[in-house]
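Worksheet for the structure shown next.
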Amino acid sequence: MSSNQIDIDPQNFARSYQIDALEKAMKQNTIVFLETGSGKTLIAIMLIRSYAYQLRKPSSFVAVFLVPTVHLVNQQSEVVKLHTDLKVGKYWGELGVDFWDANTWKNELAKYEVLVMTPQILLDALRHGFFKLDIIKLLIFDECHNARGNSAYACILKEFYHVQLRSTPTHLPRIFGMTACLVKSKGIISSDAFGKQILEFENLMNSKVYTVTKESVLAEFIPFSTPKVKLYNHVELPNGMSMKLENQLLTLKRKCVESLKEQNLNVASVDSAVKNVSRLCENFMFCVRDLGVWFAYQAAKLLSCNETFTYFWENNAGDAGEGIIKNFSLAAFGVFSLYIPSGPKWCIGDDLMANLDAGLLTARVNCLVQSLMEYREKKDLRCIVFVERVITAIALQSFLSEVLISMGWTVTYMAGSRSGLHSQRRNEQFDIIDSFRKGVVNIIIATQILEEGLDVQRCNLVVRFDPSKTVCSFIQSRGRARMEGSDYILMVRSGDASEFSRVKNYLSSGNVMREESLRYSSLPCAPPKSGMYSEEFYRVETTGALVSLSSSVALIYYYCSQLPSDGYFRPTPRFTFYDDSMVCTLHLPTSCPLQTVRHEGPNKDMLKKLVCLEACRKLHEIGALTDYLLPESVKDEVNECHSGGICIEEKHINYFPGELVFDLQPHFDKLYRWHCYTIVMKQNFDYDVRFKNVILLVKCDLGNDFSHTEFELLVNRGSVIVNIAYAGIIHLNPEQVSMGTKFQVTVLRLLIDHSLNKLADSMESLKQHEIFPSVKYLLLPSMDSNRKPPNIDWNCVSSLIFPTSADYSTETTQNNCHETCCPDRSYDHYVHTKDQVLCRCMLMNSLVFTPHNGYMYCITGFLDGTNGSSIMKSKGEVLTYKKYYHSKHGINLQYEEQSLLSGRHIFTAHNCLRKQQYKHEKESITGNVELPPELCIIIMSCISVGTLFSFSLVPSIMHRVESILLAINFKKLQMDHSTSNINIPTMKILEAITTKKCQEDFNLESLETLGDSFLKYAVSQQLFRRNKYHHEGLLSSQKERMVSNNFLYKLGCARKLQGFIRYKCFDPKDWIIPGDLSGFSGLEEVSLLTSGKVYAMGSRHMKSKVVADVVEGLLGAYLITGGELAALFFMDWLGIEVDFVKEVPNDTQLISQPERIVNVNLIESLLNYSFHDPSLLVEALTHGSYQLPEISRCYQRLEFLGDSVLDYLITIYMYAKYPGMSPGQLTDLRSSAVNNDCYALAAVKAGLHKHILHASPLLHVQMKDFVESFEQLSLYSTSGWESETPVPKALGDVIESLAGAVLVDSGYNKETVWKCVRPILEPLATLDTMKLHPVRELDELCRHEAYEKEISVSDIDGKPSVTIEVKVNGISYKDTRCGINKKTAKKLAAKTVLQNLKASMLEDG
């Protein structure tokens, strides 16, 4: 690109004709007609610069640069970016632009000033009203000769430009066209014909041509290639080879067609495959005749290879069809191989003349080789060989790579990305062009893709292997040779007079067009003779979107393509013509709300357009087409909310209940009132330590919901039942509050961390000025359990003797106080500890620290009779305590005569809310130990082991209390916005906001399953009743949006739910000890409630799915405790409006005599229900492929409704039937009973397959196979997963559609639906009979046992093949299965591997 950029840099000297063209373009619409390489793009750049002041933002105007190919979008956008300061956007279909809406285009227009795009993008945007011509200041048409017929260039001008030219010509864009050819005609035409076509072209473009007076003006600046004609003598293939090969290929073709018809494919797939085989056969014969047998051999070899096969000629024929096409290519390869000499050393280039005589190549191919060999001495050869067909490009590239290998030339090919014989990506094509510029590639065999516009300046040789079809093609291909001294070789068959005449005409055409355009230069532009003036159109006034006769047929086909379909039919419009009355009836698919449209017209072609235009108008009127004349689609919904498949993780605040917070400095200079709650712990296990009651003192009454709370904790020995009950009001003075705060901080910090250093930090924080708001409540030991208000154990609370100095010396104030009141003052009553002498009473029920090992112990008493000289109970050698401490710790006991202390390790505060019990601690940790008093530092006195044991559970208890209070606050939040009296139990709310990550004995999963099921049912019913013209695809799209995780996430966040969620497993080390300000980051009030307060305490990262799951869990909680009314109320509060009460009239077209279409009596007896409207029964049994005028709708809408109601009914049935089952069991049971395979099995059991109205051969065969396989299954089977035959989805769909029909006919009575459908579904899966899907069961087994599993997918004979291998202890369990689709093949392979694994596990015991 670098050389191109230098050549067109506007800072270089501009040529006189470029300045002249620019001046003209600035005054009027202009078409610049100049040779390739003459600098037309430079003129466009200078013109854009002259308009730049009108384009720079915040201007609403833009310039649009139209180019005919995607390659040129990239090329020209880069040029504009490089040489202007304007913001450039680039657009083509593969970027998804076709699916953009008005808002997306609005954003693009606000962002960019120059828009480079393919013309169809602009045409579609204009037709749909996303773009308006009056915002375009400059409209550039690159390669504007493409503005012919109904091309996108021409339609932009005819449908919009000329229409506006007649009404508001002052708001039209300036047009600037660029071309190297003004006429695109085939064959030989006269000068007058050239002139006439130029005038018509100018009128269409509403522009006048600018060109130079003669070619010599350009020759001064740009080189022109020298045309050379190369003649070759055509030679027929020897001995009737061509006829023989053609007969062999036709025989292969007949066999392939017969094989296709035996595949039970649908008609469309068979027709498509037959067309592809026919086209393939024709291409092979083309290679034989025009190139030689070797080329046909190479083409067949390529197309028979699975790795390179890609076929885009027709609609995909499906896996089986593709397999047959590949087999045809392989068979053809075998035929051609018979004519190719054998031997590993044989090469096509060894003897060209001999191979020519043998028919392996043709004289034209030989002529090409000889022509290229003439340039073997040329330095830096850059050659483009133009061919017409892709097959020619591919085969010639293979041939020349072998023949010219000795020349050191690199040969490649290039063809359009939509070609049928290759899958060359655009990036690959860009790389090829770049390699060509750099000289890495010397020869490119190219189709017309390289004719237009692409910058390949270093090309010095162009060869037309196939003749140009048009004068435009001739001129543009000649223009590729841009180097000085370049040649343009035309290969012409000797004696072909017509081709000689055409070449001569093409060579002179440039001068003729120049002369004719100059001759008419003074004539003004006139309106085109034909256009939108006489053509009908329909315009939407609000958006300006427009559909014309020309575009109406395409819009109808596009609309039908967006209707829901399955593998058995493809929705397409059908046209019925009545020749005698010139009337056409358009039949739309049964999933469309508009069934038929009739119209009269003058002829068949016009009739089709007229009836489609009328259909577009009617579809828009009923809302099936939007105001932008696009099918109502999920893509419109996605713009309002991210799709549900995306899971994002964001930071969210964490709520803390205001009931446990002091937000203002309390008046502690007087008695302060506290509300008391007694925490009673009842242990369900034998243990020598008993719990002591704990008193919770808070600033306010926690409310009726908290007046009596009970829950279970799990410790290493068993379970503990915690009961919290209101115990009245108590008043404390400031000294008592301070003493209580120090007590709880000390005890809880030691139980959590076992660290005196951290305790020192906490105690230091108590001396600091208090922060408000802060976590403030008291947890104190109780003297008894029954008294109200409770009696606080102040002796225990005042027991703190915490060491403060670095050498662990202890203040003796409390000791001195004790000495004055202790009755026993004898010498033997005193004990030497690590740092002081203490009364024995103070060591009883004390908490001590031993610096020599860093442990803390609870002292339960003295071991009188045991001292330092006593023998230890130890394994191995016999030691006294004195010798042990000397040898183990290097300590010499000074007071060995003192009685040892009996102690036990201090308890640790664990998470006692987890489901999994902790492993039993070692006996050395939990059992009694003997301690010399002189090694101990006393921390607290007069605190019993039972009190410490009780306080070790306090973090878990208070975490649950905090969670319950959050649940209560959520109820307040919800009730603040409601006048309803619905009251949901607090523990159900807590369950709904508790995720599985918390690892507690309850979580939201079961409620989430219920909520998910009800949400889908409620939304489905609302959508079905409110959108009578919406087809199933649109209803499903809207439902998926409304139940998507991201939509629920946004609703949940809008209601501030995220802070209530309990998202991670509780860790006592993260728990905030009330009153402890060390590490406290503060609280901030959150404006949520009118009847209470909630505070933000820190933040956490949480995935959007978690919030969505909680929304569904809360919905399930409201549903299961308050019924559907409560659930609907919650949905309304969230922002999802659903009304089950309001009646919506059902104006479905009634079918006269439905009993003539289906056996109404039999189906009604099967359902045990009599329909008020039997038309619903006909609709419920009609597949989309069955398109007859008397049936207005297929079952898809009813299936949509029935799917959700059955899912909901079965889910609540399972939940109610098995109240004790785990969330995982509910999920598995639901999936086992609610699936299409299960429904299909029930349909066959009931014989419903005999009543389905369809017109699909494939569905017919699949139902037959499934019914036959059904006979081998157990009648008591509860799912269809056992079947190895593909399950036709339509069978399961009918169960759902019948449920939907009964629901609608019964006035949306779910109980009636359950009574009708449940007997058909029996026996329903139970916990004992349910079966996991084989794929899921195998995944679970491999995950649980840590087995290595590998899955690979391949293609065998056109069918997907799945291989599953599981490796266990070096043994491989492997199976490969084919199926009609990947899902079926995977199921079958998983089933076999699973059976083998289970059998092996049984053998191993």
Side-chain angles (χ1 to χ4, degrees), residues 687-692 715-717 743 745-760 781 796 799-803 808-810 814-815 830-868 870 872-874 881-882 884-885 888-889 891 893-896 898-910 920-954:
Y687 191 38
D688 59 342
V689 179
R690 309 302 296 177
F691 287 114
K692 299 288 186 179
V715 295
N716 61 336
R717 284 181 167 77
F743 170 81
V745 169
T746 301
V747 173
L748 292 169
R749 180 57 65 200
L750 291 176
L751 290 171
I752 291 172
D753 293 310
H754 292 199
S755 169
L756 286 182
N757 291 330
K758 290 190 177 180
L759 176 57
C796 181
S799 67
L800 178 63
I801 318 176
F802 177 59
Y808 298 108
S809 62
T810 307
Q814 188 169 350
N815 184 31
Y830 288 87
V831 179
H832 289 270
T833 63
K834 177 73 175 177
D835 55 352
Q836 60 183 316
V837 179
L838 295 173
C839 175
R840 284 170 62 104
C841 300
M842 293 194 68
L843 280 167
M844 295 293 292
N845 289 325
S846 65
L847 180 64
V848 302
F849 172 69
T850 54
H852 72 276
N853 59 9
Y855 288 159
M856 295 181 191
Y857 300 93
C858 312
I859 303 301
T860 58
F862 282 84
L863 298 171
D864 293 325
T866 304
N867 57 31
S870 300
M872 287 183 64
K873 296 176 182 179
S874 175
Y881 286 97
K882 184 175 182 178
Y884 168 78
Y885 280 102
K888 181 74 173 178
H889 299 286
I891 296 173
L893 296 180
Q894 302 296 318
Y895 307 97
E896 60 181 290
Q898 291 187 138
S899 296
L900 299 183
L901 301 173
S902 176
R904 60 198 310 153
H905 284 273
I906 190 174
F907 299 96
T908 301
H910 290 296
H920 288 281
E921 296 175 354
K922 294 180 180 179
E923 190 62 31
S924 61
I925 299 297
T926 59
N928 292 327
V929 295
E930 303 85 33
L931 296 170
E934 64 185 278
L935 301 183
C936 300
I937 297 173
I938 190 167
I939 300 172
M940 299 184 77
S941 180
C942 195
I943 182 167
S944 67
V945 176
T947 300
L948 289 170
F949 190 24
S950 300
F951 269 82
S952 71
L953 303 187
V954 161

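When a residue number appears, it is its place in the shown sequence, counting from 1.
Annotation: side chain of Phe849 is not in contact with side chain of Lys834 (no heavy-atom distance under 4.5 Å). Residues Asn716 and His910 form no side-chain contact, since every pair of their non-hydrogen atoms from C-beta on lies 4.5 Å or further apart. Contact of the Leu756 side chain with the Ile939 side chain is registered, since non-hydrogen atoms from C-beta on lie closer than 4.5 Å. At a threshold of 4.5 Å between non-hydrogen side-chain atoms, the residues Thr833 and Leu843 count as touching. Here the side chains of Thr746 and Leu759 are in contact, with some heavy-atom distance below 4.5 Å. A 4.5 Å side-chain heavy-atom check between Ser941 and Met842 finds at least one atom pair inside the cut-off. Between His889 and Tyr884, the closest side-chain pair of non-hydrogen atoms falls below 4.5 Å. Taking the side chain as every heavy atom from C-beta outward, Ser902 and Phe862 never approach each other to under 4.5 Å.
A distance of 9.5 Å separates OH of Tyr857 from CG of Leu935, quoted to the nearest 0.5 Å. Once rounded to the nearest 0.5 Å, the distance linking CG of Leu893 with CD of Glu934 reads 4.5 Å. Between the CZ atom of Phe951 and the CD1 atom of Ile752 there is a distance of 11.5 Å, given to the nearest 0.5 Å. One finds the SG atom of Cys796 at 7.5 Å from the CG atom of Leu948 (value rounded to the nearest 0.5 Å). Taken from SG in Cys858 to CZ in Arg904, the straight-line distance is 7.5 Å, to the nearest 0.5 Å. Considering CE of Met872 and CG of Leu900, their distance stands at 9.5 Å, rounded to 0.5 Å.
Under the ring pair (Phe, Tyr, Trp, His ring centres under 6.0 Å) criterion, Tyr881 pairs with no residue, sequence neighbours left out.
The backbone N or O of Asn853 lies less than 3.5 Å from no partner atom in the side chain of Thr850, so there is not a single donor-acceptor pair.
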* To do: Begin from the C-alpha positions of Val831 and Tyr895 and carry the test side chain to side chain contact (heavy atoms under 4.5 Å, CB included) through to its verdict.
  => CA-CA 9 Å; Val831 179; Tyr895 307 97; over 6 Å; no

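Relative ring orientation between Phe949 and Phe907 is described as parallel, the plane-to-plane angle staying below 30° on a 0-90° scale split at 30° and 60°.
Between the side chains of Ser899 and Asp864, at least one donor N or O lies within less than 3.5 Å of an accepting N or O.
Taking every heavy atom of both residues into account, Val848 and Ile938 meet most closely at CG1-CA, 4.0 Å. Here the shortest heavy-atom pairing between Gln898 and His832 reads OE1-N, 2.6 Å.
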